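What follows is one structure encoded as structure tokens, with my remarks underneath.
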Protein chains: 2
Amino acid sequence: MAKYKDIVKDIEGCIRRGDLQPYDQLPTVVEMTKAYHVSRTTIEQVMDELEKRGLVSRKRGSGVYVKKVATQSFDKPLNTISLTDDIDANLAKHPSCTVHEFTVVKPDEHVRHELGLHEFSFTFYIERSHLHEGQAIDVQYLYYPVEIFRDIRLTSAETSIRQWIDENYDVTPDSFHKTLRAVTASERECEILGIPEGSPLLEVEQIGYLDDGRPFESLVARFPGDRSEYQTIDSDSLPV
Amino acid sequence: MAKYKDIVKDIEGCIRRGDLQPYDQLPTVVEMTKAYHVSRTTIEQVMDELEKRGLVSRKRGSGVYVKKVATQSFDKPLNTISLTDDIDANLAKHPSCTVHEFTVVKPDEHVRHELGLHEFSFTFYIERSHLHEGQAIDVQYLYYPVEIFRDIRLTSAETSIRQWIDENYDVTPDSFHKTLRAVTASERECEILGIPEGSPLLEVEQIGYLDDGRPFESLVARFPGDRSEYQTIDSDSLPV
DNA sequence: GAGTGGTCTAGACCACGAA
DNA sequence: TCGTGGTCTAGACCACTCG
């Protein structure tokens, strides 16, 4: 484990426990290098990470300050969909899906383009829903290039495809390009999700890349609007 | 301008122009230190930035590779709402709003909590829509603490509040915590936006922080689902 | 002017991937 | 085994904030 990650954990703990209060100034960078017996670069790396997690603001010439964050948002996961707590917890423990479709197809041009495939390429196509207490809580549409994954099993689609890939292929997912939209549920999706006609859904279109730059996964996931949200932190504002 | 930013621009240019093709390996980090006459740290900083922009993948022990990115997504702005191109371009040049409401209020508990205010605090409250060719294209609900901004003008709400703040207060916005949701447009919003009853909207709730850790802005913006999307890149996947 | 964070250097060691 | 990127050091200079 890298040193800077340990220090991140330590300081994050201080903030969560309240040893560091909102608006408190952290020790100066130089002080921290001494306290942790590391170099300046390492501390800057730590500050980068704490900033990314939304815990501190850095003011050049002045200091690093603990953000006054609404405490409710403290433990919400970032950069992913969160559902209600009980559902999230349950899914993490026992991922379970009902698979509506599992085939090999020639994907349409949109998907082909996303995955950087040729016209004559094939992909696995999976349509499925995660379950919580017997109820579908999302609808997912997934494409995997046959060129990369020659064999994907139905049983993996019923639990975790990513786990199957980890165990059977020597590839490393690296990053994900996401597009979020609000859409109206189709009739079929309303049935599956047990929601009224015309309900709004939060759609996440996600293209996954391996660490050698190849796209390996195209995913469209749709979640009922009233049970889902997506949280993120960055330095870009909507135009105001 | 920091050196690493120049190098980022240079390499990004190479990728956009096609001098570096998808799946190409970049020169090794050591080679780049020589080519640009900088130290290793600087190059790593450059790679951090290129990775954040979704242009490259880094494979420890192997190399840095140009991602095969769907070219359409190349120039879309990240970490913000994008509308259709003509609207985006127009808004950037001539931001213009119709203000539906402009008052000072005691905000409800939710906003008070987001902004870290006391029960007896007041905020400016602004409700407005951006216009494109006379048509409203969003609805925004904004709160600004009177404690921080004693004076906000109606005219600023009709163009750019952030510009007004820049020019009249010595504060520096630092980061934004966002929550995205899909919601159904209210009757009033349908009227304002000229969309059918029950249309889905993409909602962005955004809390802005200053560089000293203070929240300074609470914004809820809602966009018609069929004209808006939000793009982002990170290393976190939805559960698959 | 004194103190802060941001960037940068030159060099080192390590973990990992590929052959 | 060897070349790759990831992390780290000790020290430096600079831009910025604030009294």
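Lettering follows sequence order; numbering is per chain, from 1. Please read all numbers here as calculations on a predicted model, not as lab measurements.
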Quiz item: Has the side chain of A:S57 got a donor or acceptor atom that lies under 3.5 Å from a matching backbone atom of B:L210?
Solution: yes

Practice problem: For A:Q45 and D:dA10, give me the distance from atom CD to atom P, rounded to whole Å. | Solution: 15 Å

Self-check item: Nearest-angstrom distance from the residue atom CD of A:E49 to P of D:dT7
Solution: 10 Å

Quiz item: Below 4.0 angstrom from OP1 or OP2 of C:dT9, is there any side-chain N or O of B:K3?
Solution: yes

Quiz item: Considering only D:dT7, C:dC8, C:dT4, which nucleotide approaches the side chain of B:S39 most closely?
Solution: C:dC8

Quiz item: Rounded to whole angstroms, how far apart are NE2 on B:H37 and P on C:dG11?
Solution: 14 Å

Practice problem: Describe, in one word, how the ring planes of B:Y209 and B:H177 are oriented to each other, choosing from parallel (under 30°), tilted (30 to 60°) and perpendicular (over 60°). | Solution: tilted

Quiz item: Nearest-Å distance, CG (B:D170) to P (D:dC18)?
Solution: 7 Å

Quiz prompt | Proximity to the side chain of B:V29 - top-ranked nucleotide from D:dC8, D:dG5, C:dA18 | solution = D:dG5

Self-check item: Among C:dG6, D:dG6, C:dC8, the nucleotide that comes nearest once only the side chain of B:R58 is considered
Solution: D:dG6

Quiz item: Rounded to the nearest Å, what distance is computed from the CE atom of residue A:M47 to the C1' atom of nucleotide C:dT4?
Solution: 13 Å

Practice problem: Would you indicate what B:E44 reaches in the nucleic acid, counting non-hydrogen atoms under 4.0 angstrom: base, sugar-phosphate, or nothing? | Solution: base

Self-check item: Euclidean distance, atom CD1 of residue A:I43 to atom C1' of D:dT7 [Å, nearest integer]
Solution: 14 Å

Quiz item: In Å and rounded to the nearest 0.5 Å, what is the CZ to CG distance from B:R58 to A:D174?
Solution: 9.5 Å

Self-check item: Backbone N/O of B:D236 and side chain of A:N79: donor-acceptor pair under 3.5 Å
Solution: no

Exercise. Indicate, with a heavy-atom threshold strictly under 4.0 Å, whether A:T41 touches base, sugar-phosphate, or nothing.
Key: base

Quiz prompt | 5' priority, DNA chain D, between B:D211 and B:G61 [closest heavy atom] | solution = B:G61

Exercise. Mind calculating the distance between NZ (A:K34) and P (D:dT9) to the nearest angstrom?
Key: 15 Å

Exercise. Quick one: pull up CG in A:L26 and CD1 in A:I15 and give me the separation to the nearest 0.5 Å.
Key: 6.0 Å

Quiz item: Does C:dA18 have OP1 or OP2 sitting under 4.0 Å from an N or O in the side chain of B:K59?
Solution: yes

Self-check item: Presence of donor-acceptor pair under 3.5 Å, side chain of A:R60 and base of C:dG3
Solution: no

Practice problem: May I ask you to verify whether the side chain of A:R40 and the base of C:dG5 hold a donor-acceptor pair under 3.5 Å? | Solution: yes

Quiz prompt | 5' priority, DNA chain D, between B:M32 and A:Y4 [closest heavy atom] | solution = B:M32

Quiz prompt | Distance in angstrom units between A:Q25 CD and C:dT4 C1', rounded | solution = 8 Å

